[in-house]
Asks: 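Sending over a structure as structure tokens; questions will come in a sec.
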Number of protein chains: 2
Amino acid sequence: MASRSDTYQRILESARDLIYASSYADVGVAAICERANVKKGSFYHFFTSKQELTISVLDTYFVDMKEQILDHAFNSGLKPMERLNKFYTMVIDMQSSIFEQTGHVLGCPFGNLALELATRDEPIRKKVDQVFTRLQTLIKVTLDEAMASGDLEQIDTGATARALIAYFEGAVLLAKAHNDPSILKQLLPAAAQIRILPSNQIN
Amino acid sequence: MASRSDTYQRILESARDLIYASSYADVGVAAICERANVKKGSFYHFFTSKQELTISVLDTYFVDMKEQILDHAFNSGLKPMERLNKFYTMVIDMQSSIFEQTGHVLGCPFGNLALELATRDEPIRKKVDQVFTRLQTLIKVTLDEAMASGDLEQIDTGATARALIAYFEGAVLLAKAHNDPSILKQLLPAAAQIRILPSNQIN
């Protein structure tokens, strides 16, 4: 017999797969329970609501993204600017592989939920916001290191990190809208050109 | 008594306002009819489904965006690269004004629906795709003109136009995720740095 924690894990993974493949609103608790092969009672034993579950789902996305992509790209022994390229390459490979398996570009789970829910679900918006802020810090530290080693001119590393995330999220959005992962390959290399100068250098 | 076309228009505008403020899935036909003050029978006289209505809504968004922003920015007598800046400035003003009125960054209606629906509603995905393609053509023509007049080096204007849309959509996504329109002001000026070279110049 499955342990409680198996059940918890199955609910989490079912919700995650279903929401990523369609949308938050499109996936009900009944469908999550059916896919996880658990009764509704078990669901409400672990989660008070689909919203609470989704916040846990976002946490697991971040942990997996960290283990499967961020740690490899950013703790890789590569030079700082090469780490960013490694990050983009890994994302292109992942989105292409998902496209081959499903016929769809599924995009970024954080960006998806941000645009679907930001105006009407403040706890989920805040959770997505936190993820973008953590990613921004990681990229900022990388840019700081590149600047310290002389590989990068003087820039506003915080604002540039944010600009890099914006460009990345937008490229993923277009790839999803056109349902074509090759758009990522076409667009992401140009991220290397994006710089925001320290504000005292802007006239 | 209101004419048929008044009713049609009211349904369209109600759907548009409601979907833009939350999401496609969150807005049912009943809510659209209630806001438009029409009976359900009238709705189904004009539209076979919420999907069909949403495709009409996307058409009206494009017409309005064209009349209120694109025509002013791109047929403005400005030099080509200044037209792009005028476009960004007008969008920043519009998103800031919506934020002041509603307390929310509502973002780009096309980007919102792309991320919510692209994997599960092919007609809506295709309509959004068409809008991005039209916008890309408009920006490409502008970049071609700048290149012809010597204001821009030799670039792949089609791919660069797409990169500019990606950066724009991503900046709007982050502004929505953080619920802070000032992010657009911080990020959009850096769009001027994004160039994609003709592929024969890429090694």
Side-chain angles (χ1 to χ4, degrees), chain A residues 20-26 102-108 110-120 122 125-126 128-129 131-133 136 156 159-160 162-180 183 186-191 193-197 199 202, chain B residues 20-26 102-108 110-120 122 125-126 128-129 131-133 136 156 159-160 162-180 183 186-191 193-197 199 202:
Chain A
Y20 190 33
S22 61
S23 72
Y24 177 81
D26 206 38
T102 67
H104 295 288
V105 174
L106 299 188
C108 168
F110 307 109
N112 292 348
L113 288 174
L115 291 200
E116 184 184 354
L117 296 174
T119 59
R120 66 195 177 88
E122 191 62 8
R125 185 193 71 71
K126 280 194 177 148
V128 173
D129 191 357
V131 170
F132 285 134
T133 302
Q136 187 180 331
D156 180 334
T160 303
R162 177 175 271 166
L164 294 181
I165 297 168
Y167 186 62
F168 171 79
E169 286 292 323
V172 172
L173 184 154
L174 285 192
K176 186 166 175 176
H178 293 279
N179 200 31
D180 178 2
I183 286 178
Q186 183 191 41
L187 298 188
L188 286 181
Q193 298 156 8
I194 299 172
R195 306 276 183 270
I196 300 187
L197 296 181
S199 52
I202 293 170
Chain B
Y20 190 32
S22 62
S23 71
Y24 177 80
D26 205 39
T102 67
H104 295 288
V105 174
L106 299 188
C108 167
F110 307 109
N112 293 348
L113 288 175
L115 291 200
E116 183 184 354
L117 297 174
T119 59
R120 64 192 178 91
E122 191 62 8
R125 185 193 70 74
K126 280 195 176 149
V128 172
D129 192 357
V131 170
F132 284 135
T133 302
Q136 188 179 331
D156 179 336
T160 302
R162 176 175 273 167
L164 294 181
I165 296 169
Y167 186 62
F168 171 78
E169 286 292 323
V172 171
L173 184 154
L174 285 192
K176 186 166 174 175
H178 293 278
N179 200 31
D180 178 1
I183 286 179
Q186 183 191 40
L187 297 188
L188 287 182
Q193 299 157 8
I194 299 171
R195 306 276 183 268
I196 299 188
L197 296 180
S199 52
I202 294 170

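Side-chain atoms are counted along with the backbone in the values below, which use heavy atoms only and exclude waters and symmetry mates. Bear in mind the structure is a predicted one, so any value in this text is a computation, not a measurement.
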Asks: Please rank B:A177, B:S23, B:A118 by heavy-atom pairs under 4.5 Å with chain A and give me the top one.
Replies: B:A177

Asks: Can you tell me how far the CG atom of A:N179 sits from the NZ atom of B:K126, to the nearest 0.5 Å?
Replies: 10.5 Å

Asks: Give, as side chain, backbone, both or neither, the part of A:A159 having an atom under 4.5 angstrom from any heavy atom of chain B.
Replies: both

Asks: So how far is it from A:L174 CG to B:F168 CZ, rounded to the nearest 0.5 Å?
Replies: 11.0 Å

Asks: How long is the straight-line distance from CG of A:L187 back to CD1 of B:I165, given to the nearest 0.5 Å?
Replies: 9.5 Å

Asks: Can a donor-acceptor pair be found, under 3.5 Å and without considering hydrogens, that links the side chain of B:T119 to the backbone of A:H104?
Replies: no

Asks: Relative to chain B, which of A:D156, A:L113, A:N112 shows the most heavy atom pairs under 4.5 Å?
Replies: A:N112

Asks: Under the criterion side chain to side chain contact (heavy atoms under 4.5 Å, CB included), I'd like the reasoning laid out for B:L173 against A:F110: C-alpha separation, chi angles, the key distance, then a yes or no.
Replies: CA-CA 10 Å; B:L173 184 154; A:F110 307 109; over 6 Å; no

Asks: Where do A:R125 and B:K176 come nearest, in terms of heavy atoms and distance?
Replies: CD-O, 3.9 Å

Asks: Could you look at B:A163 and say if it's the side chain, the backbone, both or neither that has a heavy atom under 4.5 Å from chain A?
Replies: both

Asks: Just jot down the side chain to side chain contact (heavy atoms under 4.5 Å, CB included) partners of A:A190, sequence neighbours excluded, or say none.
Replies: A:Y167, A:Q193, B:I194, B:I196

Asks: So which of A:A175, A:G107, A:A171, A:S22 has the largest heavy-atom pair count under 4.5 angstrom toward chain B?
Replies: A:S22

Asks: With a 4.5 angstrom heavy-atom cut-off, which part of A:R162 approaches chain B: side chain, backbone, both or neither?
Replies: both

Asks: Could you look at B:V105 and say if it's the side chain, the backbone, both or neither that has a heavy atom under 4.5 Å from chain A?
Replies: backbone

Asks: Heavy atoms, side chains only, cut-off 4.5 Å: are B:L115 and A:E116 in contact?
Replies: no

Asks: Picking from B:L188, B:V128, B:L117, B:I183, which has the most non-hydrogen pairs under 4.5 angstrom with chain A?
Replies: B:I183

